[in-house]
2 protein chains.
Amino acid sequence: MQADAATAGTTHPTRRERVREATLLEIKEIARRHLVAHGPPGVSLRAIAREMGMTAPGLYRYFGSHDELMLAMQADYFTELADAVRAADASLPPDDVDGRIHAALRAFRRWALANRAEFALLFGPPGPHHGTPEGPAVAAGQEFAAVFFTLFDRLLAEERFAVPDDDALTPVLCRQLTAFAEHTGFSTAPPLGALHLLTSCWVRLYGVVCMEVFHHLGFIGDDVDALFEAELRGILAAVGVPYRVP
Amino acid sequence: MQADAATAGTTHPTRRERVREATLLEIKEIARRHLVAHGPPGVSLRAIAREMGMTAPGLYRYFGSHDELMLAMQADYFTELADAVRAADASLPPDDVDGRIHAALRAFRRWALANRAEFALLFGPPGPHHGTPEGPAVAAGQEFAAVFFTLFDRLLAEERFAVPDDDALTPVLCRQLTAFAEHTGFSTAPPLGALHLLTSCWVRLYGVVCMEVFHHLGFIGDDVDALFEAELRGILAAVGVPYRVP
DNA sequence: TGGCGCAAGCTTACGGCGTTCACGGAAGTT
DNA sequence: AACTTCCGTGAACGCCGTAAGCTTGCGCCA
């Protein structure tokens with residue numbers, strides 16, 4: 001009973017809730033191991049249950065369906081990735097803006113490479129079977145996106161780069177970007193040209209990392225570090241950040 | 001019998017071979033419909049066989065396994081995509097180099113959007129279940145890559161852009177690019193800086209198209225055309241091609 | 001033209017999958 | 001002590017890929 005009060009974070013959970021939470025965690029942990037070992041099709045309720053010493057229908061007390069489990073995993077990985085990027089960003093002194101963005105972008109790639117299967121679940125093709133993002137997964141995804149918005153906001157505030165002229169943008173692109181700006185929680189709505197630049201950078205980063213994680217960069221050889229660093233240099237140059245070697 | 005001679009392409013195939021070929025085609029055609037309709041997990045031997053009025057084990061006369069079928073499909077889609085890009089390239093007069101590369105890159109995206117599921121199979125995450133490329137699939141993939149090499153070779157021959165200085169490249173990146181150059185069948189080995197530029201452009205193109213196909217560009221709104229065109233402009237600018245509206 | 005060989009396709013079977021439903025028992029509540 | 005709530009089981013249904021053995025009939029060659 002005293003243990004309850006000790007472990008209780010905010011609202012002291014009953015014993016039942018604690019053991020339930022532990023089971024929930026165990027399920028997702030085993031599921032992740034299977035995902036890493038055998039890919040998305042390898043994460044099966046029956047296999048998880050077997051490893052836990054129970055039967056598959058029992059798992060339905062915790063997840064309404066196989067898809068729901070996948071969604072929960074997606075949400076977990078989004079927040080884990082966001083935490084990894086944030087941690088890298090925070091690992092350098094606040095005034096070292098250049099160093100922090102280098103660290104953050106490299107952390108994104110590092111997490112992706114260290115967690116290929118999980119990354120594929122987040123950024124690979126959607127579909128009925130890795131689960132079309134819904135509910136908590138999409139929220140976690142937006143929280144992840146916010147991390148990059150913050151990084152970018154800092155650069156923007158410091159006026160590190162010349163904001164491209166809005167006149168260069170197509171009217172329809174302007175409309176899209178305006179909606180985008182409203183949709184996100186920027187402190188002060190950035191100029192459209194800057195938003196476009198951010199999008200472009202994100203696309204490039206996504207491109208390199210995806211290609212590497214999905215093994216579509218085999219033609220360049222085994223050491224993709226060099227290519228990534230070169231891309232990183234280009235991406236950072238677009239936002240006025242001088243490149244630094246790792 | 002006369003039909004034999006009429007339909008025979010090169011070496012007149014026996015009747016058995018013809019009907020076998022037709023069955024092979026029918027299998028892949030049905031498989032593709034299922035892929036499009038229900039994603040990779042939806043393409044199942046049993047469902048295909050059912051639709052053909054036969055039983056699943058019968059299909060093993062045509063494909064050694066489910067994976068082998070997937071690989072064959074990958075190979076087909078690679079050549080189909082390569083054909084689409086080549087056709088777009090060839091649809092303009094040979095001397096209109098700028099127009100041709102515009103058409104080719106747009107054709108790549110168009111095919112990807114019109115064949116999302118197929119594109120995901122080709123450029124999505126690998127794995128035991130969409131099949132790690134082997135044999136004919138990888139050959140078809142290289143043939144596809146060659147299409148882009150050709151496009152780029154043309155720009156390079158015309159000296160459309162300032163080739164970046166090789167000194168700006170990391171030694172290890174130089175080594176990777178050198179291996180890359182030897183590995184591919186360029187007429188005359190291009191400078192390393194140019195190769196790097198090509199790779200960078202390809203990464204950017206892959207990035208936009210992947211994000212769009214995988215529905216990871218939802219934040220920008222429903223009309224992604226504008227964003228793609230803006231990226232295209234940037235990509236082309238990198239190789240000295242002035243942008244033209246579609 | 002007759003017969004033979006071989007490939008196509010079927011049947012049956014095994015193990016694995018997600019999911020549903022009815023049930024027992026334990027934990028917690030009143 | 002009675003009652004409720006939740007956890008987990010067992011059996012069942014229909015799906016899946018794949019293996020082994022068997023029948024049938026087409027097509028080649030003598």
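Naming: A, B, ... by sequence-line order, numbering from 1 per chain. Heavy atoms only: backbone and side chains are in, while hydrogens, waters and symmetry mates are out.
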Any side-chain heavy atom of B:Phe228 within less than 4.5 Å of one from B:Val209? yes
Classify A:Ser65 by what it touches in the nucleic acid, base, sugar-phosphate, or nothing, heavy-atom distance under 4.0 Å. sugar-phosphate
When rounded to whole Å, the CZ to P distance for the pair B:Arg18 and C:dA7 reads 18 Å
Need the bend value for the helix from C:dT1-D:dA30 to C:dT30-D:dA1: angle between end axes, 5 pairs each end, nearest 10°. 0°
Report the nucleotide, chosen from D:dC7, D:dT18, C:dC17, that has the shortest atom-to-atom distance to any side-chain atom of A:Tyr62. D:dC7
Distance flag, aromatic centroids of B:Trp202 and A:Phe219, threshold under 6.0 Å: no
Atom pair distance, as rounded to whole Å: CG in B:Leu45 and P in D:dG17: 5 Å
Nearest-angstrom distance from the residue atom NE2 of A:His38 to P of C:dC17: 11 Å
For the residue pair B:Thr199 and B:Phe180, establish whether any side-chain heavy-atom pair is separated by less than 4.5 Å. yes
Set of side-chain hydrogen bond (donor to acceptor under 3.5 Å, both in side chains) partners for A:Glu212, sequence neighbours left out: A:Arg109
Ignoring backbone atoms, establish whether A:Arg20 has a side-chain N or O less than 4.0 Å from OP1 or OP2 of D:dC7. yes
Over how many whole Å does the gap from A:Glu17 atom CD to C:dA27 atom C1' extend? 14 Å
Rounded to whole Å, the CD1-C1' distance (A:Ile27 to D:dG8) equals 12 Å
Residue pair B:Val19/B:Arg50 against DNA chain D: nearer the 5' end by closest nucleotide is B:Arg50
Roughly how many Å is it from CD in A:Glu26 to P in D:dC7, rounded to a whole number? 14 Å
For C:dG18, does the base pair up with any side-chain atom of A:Arg46 as donor and acceptor (N or O, under 3.5 Å, distance only)? yes
Does B:Ala47 reach a base, just sugar-phosphate, or nothing at all? Heavy atoms under 4.0 Å. sugar-phosphate
Looking only at side-chain N and O atoms, does A:Tyr60 come under 4.0 Å of OP1 or OP2 in D:dG8? no
Applying ring-ring contact (aromatic ring centres under 6.0 Å, His included) to B:Trp111 and not counting sequence neighbours gives none
For C:dC10, take OP1 and OP2 only and decide whether either is under 4.0 Å from a side-chain N or O of B:Thr55. yes
Could you check which of C:dG18, D:dA19, D:dG8 has an atom nearest any side-chain atom of A:Met54? D:dG8
I want to check something: taking the side chain as every heavy atom from C-beta on, are A:Phe78 and A:Gln142 in contact at a cut-off of under 4.5 Å? no
With heavy atoms under 4.0 Å as the rule, sort B:Gly42 into base, sugar-phosphate or nothing. nothing
B:Ser44 side chain, from C-beta outward: closest of D:dG8, D:dC16, C:dT20: D:dC16
Rounded to whole angstrom units, what separation is found between the CG atom of A:Leu59 and the C1' atom of D:dC7? 11 Å
Selected nucleotide, minimal atom distance to A:Arg61 side chain, candidates D:dC22, D:dG8, C:dC21: D:dG8
Could you tell me how far apart B:Phe63 (CZ) and D:dG17 (P) are, to the nearest whole angstrom? 14 Å
So do B:Leu24 and B:Glu21 actually touch side chain to side chain, heavy atoms under 4.5 Å? yes
Could you tell me if the side chain of A:Glu118 sits less than 4.5 Å from the side chain of A:Asp76, heavy atoms only? no
